[in-house]
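Both ligands and their constituent atoms are indexed starting at 1 by order of listing. From a predicted model like this one, the values you see are computed outputs, not experimental measurements. Numbers here are sequence positions counted from 1.
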Amino acid sequence: MIQEAETHEFQAEVGRLLEIVAHSLYSERRVFLRELVSNASDACDKLRFLAAQDEKLAAGGADFAVDLAVDKDAGTLTISDNGIGMDRKDLISHLGTIARSGTAAFVKAIEESKRKDMSAIGQFGVGFYSAFMVADKVTVTSRKAGADAAWRWESDGKGKYEVAPAARATRGTDIALHLKADAKEFLEEATLEDIVKRYADHIALPIRLAGRTLNRASAPWTRAKADVTDEQHKEFYRHVAHAFDEPWTAIHWRAEGKIEYSALLYVPGTRTHDLFHPDRKHGTKLYVRRVFVNDAPDGLLPRYLRFLRGVVDSEDLPLNVSREMLQNNPVLTLIRQGVTARVLSELEKKAKDPADYAKFWENFGEAMKEGIFEDAANGKRVLGLARFRSTAHPDGWVSLADYVSRMKPGQEAIHYIAGDDPKTIAKSPHLEGFVKKGVEVLLLSDPVDEFWIAQTDEFEGKKFKSVTRGGADLDKIAGETRADEAPAEAADPAADAGALIALFRLALGDQVKDVRASQRLAESAVCLVADDSDLDIHLERMLRQHKQFAGMSRRILEINPAHATIKALIAALAKGGDDTAVQARLSEAALLLYDQARIVEGDKLDDPSAFARRLARALAEGFSG
Ligand code: ADP
Ligand code: MG
């Protein structure tokens, strides 16, 4: 060999991470073995996959295994595998730098957590460095499959590492840990066996110690359903999902018939951080006859189920299936349909326990709702699984079936209000009349809500109707008679409002489409609504923000003839309607109320200073008599 040993410095971030790792809590150190065994198993998976295309790569044996070896005199524990191996470049880039944001994210998480819990280290893609929890020196000797040369990587984890030519008879990797003085327990067979059984039983390769296999070495998804314990599910989930929470549920089945596959899928117990970053893929892995083929290939699951973690193992796809071949592959399409149907039926079962189901919905409901319009075949089922806040249950979760069962006699539509902020929409004046009549309104505040609602005609024959659009139709609905309510006023207050409405129309001119008496207001004086033929106010604002709609539809100003302010204006007009000064003051009031309605709506005023001047004038007039 001509090359000499060369010394490199760790990337600054890695250096910081290593400092934290070296000072981690004694009790959590045992997870290092899980991380190193998991890397060894990944390395074997990678080679097995590549060898399906190029047999030469697995020359010298495709019996993959992980071997643990203890040298008590030297104080070393070595983890060896016959997987893909690493060349000089790999050693530097994989074990010296972090391309991904994993290190920074982990350091931040650790520094923020009180317990300095290291056990989640694998989740951040920096599991290798956990070796320095137990070792004061780590020596990696590796030979990449298909290469003749071997390389040694060595470091004491204090800022620098060394890379030098080395010798290794066959492909694969040895990770030799020179155990710290206080970590000699990891030289004991019983301790190692314990850790492997606890943390690595799901690994599908044999993990051997002095020739004896410690784990079951069968992939959990190939076992019978009853044969996988909760504990094993938990560990396997953490392994495939790179997660550290517990699964909310495990869905494990084998499909037989036209196509055959096994699937073991988990719904995570907490919201995954990549839910709305589709580029960061973990997702569900595709295997073909026990060989790992692809991480989350497009088309294996519908997009809205992207929170699922686990494995689908096909019997029918060719082993050398490429990413391109997977696109529009008929077998994959059948698998996707089967998996989707199964997952939806599991969720339907789980929904029977509302408290438990709420946990799922809070984490993943926003993604699920995309399925209502994206999944042409199952959209209706997804709609049935959806849960919403409503005026009757502002903190609970309401299904559409619940809603429909509570509809009032004469109520024809499912009423909703959409907006950006749940607190603001819950206080919207548009709801007043509905609340007063005891008519439930759904409160929709996820951005996705406008999309599914725009594309969904009905649920169980009931149309969806925004309370900010068109007529409220409240007179057709039989209200609740409340004992504390005064009997209906003899005269319809709206009848007296005609002249005021005509004056408002003149004063506001083109700014509004119309002015009319409201059915939907109870406490507020005015509100703005969209005409039946126009877009819902919130939807239009959203489309404008996304530059998909220019301009601004004119709104209808609704006034509440039963409100004290409006009553006073009606009276003033009746008394002094011929007086131009009174007319001018009432026109001012129209502009003031219109601007006020826009503020409540969350709109920006065209001329805020004019609004301020009018308000000041109105106050002065009020106080002067
Ligand atoms: P992750 O496993 O999440 O990628 P790690 O810090 O555990 O992060 O490992 C970093 C990288 O080092 C791996 O992605 C892999 O490329 C490489 N590596 C680690 N151990 C081995 C091994 N035994 N054989 C081959 N490559 C390995
Ligand atoms: Mg790893």
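Shown here are the side-chain contact (heavy atoms from CB on, under 4.5 Å) partners of N215, two or more places apart in sequence or in another chain: V196, D201, I203, I207, T213, A217. For W452, the ring pair (Phe, Tyr, Trp, His ring centres under 6.0 Å) criterion is met by F388, F464, not counting sequence neighbours.
For the pair R48 and L205, the minimum side-chain heavy-atom distance is below 4.5 Å. A 4.5 Å side-chain heavy-atom check between L326 and N294 finds at least one atom pair inside the cut-off.
Taking a cut-off of under 4.0 Å to the non-hydrogen atoms of M86, the atoms of ligand 1 that pass are 17 (C), 18 (N), 21 (C), 25 (C), 26 (N), 27 (C). Of all atoms in ligand 1, numbered sequentially from 1 with element shown, those under 4.0 Å from a heavy atom of T173 are 23 (N), 24 (N).
Two rings, from F132 and Y129, have their centers 6.0 Å or more apart. Checked against the 6.0 Å centroid criterion, the rings of W221 and Y261 do not qualify as a close aromatic pair.
Coordination check, S38 versus the Mg ion (ligand 2): failed, since every N/O/S atom of the residue sits at 2.8 Å or beyond.
Contacts between L95 and ligand 1 below 4.0 angstrom, taking non-hydrogen atoms only, involve the side chain exclusively. The part of D81 lying near ligand 1 is the side chain, judged by heavy-atom distances below 4.0 Å. Contacts with ligand 1 closer than 4.0 Å are made by side-chain heavy atoms of K46 only, the backbone lying farther away.
Considering backbone and side-chain atoms together, G127 places an N or O closer than 3.5 Å to an N or O of ligand 1. An N or O contact shorter than 3.5 Å links N39 to ligand 1 by distance. Geometrically, ligand 1 and F128 share a nitrogen or oxygen pair separated by less than 3.5 Å.
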**OP:** Begin from the C-alpha positions of E315 and R289 and carry the test salt bridge (charged side-chain N to carboxylate O under 4.0 Å, His left out) through to its verdict.
**Re:** CA-CA 5 Å; E315 298 294 326; R289 291 184 289 287; 5.4 Å; no
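Residue contacts with ligand 1 do not include E35, since none of its heavy atoms lies under 4.0 Å from the ligand.
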